[in-house]
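Here the structure is laid out as C-alpha cells; the discussion comes afterwards.
Index from 1, following the sequence. Remember, predicted model here, so these are calculated numbers, not experimental data.
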Amino acid sequence: MEIYLDISRLCIETAAQKKYEGLIRQYFKAKVLGKEKVTFEKQINALKYFLEKADFSALRNSCKNTASVETMAILVVPRRLEDMHVRLNNRILPMGEFYR
C-alpha cells in the first residue's frame, strides 16, 4: 500500500497528520463499507503508527538534504508496519533509521 503525502507547503509530519485526520473524517462521514472500509482502516493504522514512531526531526533533515524540490512523499507500507519506508525523489528512506 502507498500513502501519498503532499509536502509542497508542509513538512512531512504535518502532511501525515493532515492526511490521518482527513481519513478519519472521511471514514465516519461517508460510513464506508466492505473493502473500502478495510482500505481506510489500513491507511489510518499505518499513519497512526508512522506518527507515533517516526523521528520527524531526523526525517525532516533527510528530506531537506534531497537535491530537488519535491512536492510528494510516498509512505510505502508493506504487510508489516515495521518495514514501512518513505520514497522521496526516487530515494528510499527506510524507517528503521528514523524510529524514535
Side-chain angles (χ1 to χ4, degrees):
M1 165 177 59
E2 295 182 343
I3 301 171
Y4 292 83
L5 302 173
D6 180 0
I7 59 171
S8 59
R9 294 188 179 120
L10 305 170
C11 71
I12 194 164
E13 181 180 15
T14 304
Q17 183 68 36
K18 290 199 175 285
K19 182 75 164 192
Y20 174 78
E21 291 168 355
L23 286 171
I24 296 263
R25 275 192 305 275
Q26 283 181 285
Y27 182 83
F28 289 108
K29 191 175 185 179
K31 297 178 182 142
V32 293
L33 303 170
K35 288 183 181 181
E36 188 179 19
K37 181 178 181 177
V38 172
T39 301
F40 266 84
E41 290 170 350
K42 285 181 180 180
Q43 289 184 23
I44 289 167
N45 286 333
L47 283 164
K48 182 178 184 236
Y49 183 86
F50 180 65
L51 289 164
E52 289 174 349
K53 303 290 185 183
D55 178 352
F56 287 104
S57 178
L59 195 54
R60 274 191 292 274
N61 287 335
S62 182
C63 290
K64 285 179 188 175
N65 292 334
T66 58
S68 66
V69 176
E70 188 66 37
T71 61
M72 196 65 64
I74 303 168
L75 185 61
V76 180
V77 186
R79 289 190 186 269
R80 290 175 11 126
L81 293 177
E82 298 85 15
D83 296 331
M84 78 171 60
H85 61 272
V86 175
R87 192 165 59 227
L88 182 69
N89 290 340
N90 294 320
R91 184 173 155 219
I92 294 175
L93 308 174
M95 290 309 301
E97 299 174 17
F98 301 104
Y99 284 140
R100 293 182 243 188

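Partners of T39 by side-chain contact (heavy atoms from CB on, under 4.5 Å), not counting sequence neighbours, listed by chain and number: Q43.
Hydrophobic cluster membership is shared by F28 and L47, with clusters built from Ile, Leu, Val, Met, Phe, Trp and Tyr side chains linked at under 4.5 angstrom. Using a 4.5 Å cut-off between side-chain heavy atoms of Ile, Leu, Val, Met, Phe, Trp and Tyr, with links allowed through other members, I24 and V38 fall into different hydrophobic clusters. Transitive grouping of hydrophobic side chains (ILVMFWY, heavy atoms separated by less than 4.5 Å) brings L23 and M1 into a common cluster. A continuous path of ILVMFWY side-chain contacts below 4.5 Å connects L51 to V86, so both sit in one hydrophobic cluster. Following chains of ILVMFWY side-chain contacts shorter than 4.5 Å, one cannot reach L10 starting from L88, and the two form parts of different hydrophobic clusters.
Under the 30°/60° scheme for interplanar angles, the aromatic rings of F40 and Y27 are found to be tilted.
A donor and an acceptor atom, one from each side chain of Q17 and E13, are nowhere located under 3.5 Å apart.
Summarising the geometry, atom CD1 belonging to I3 is positioned 11.5 Å from atom CD1 belonging to I74; distances are rounded to the nearest 0.5 Å. Here the OG1-CG distance, from T14 to D6, works out to 11.5 Å after rounding to the nearest 0.5 Å.
Using a 4.5 Å heavy-atom threshold, the side chains of L81 and M84 count as touching.
Among pairs with a residue in residues 37-49, those fulfilling salt bridge (Lys or Arg N to Asp or Glu O under 4.0 Å) read K48-E52, at least two apart in sequence or across chains.
What you find for A73 and I12 is that their closest heavy atoms are CB-CD1, 4.0 Å.
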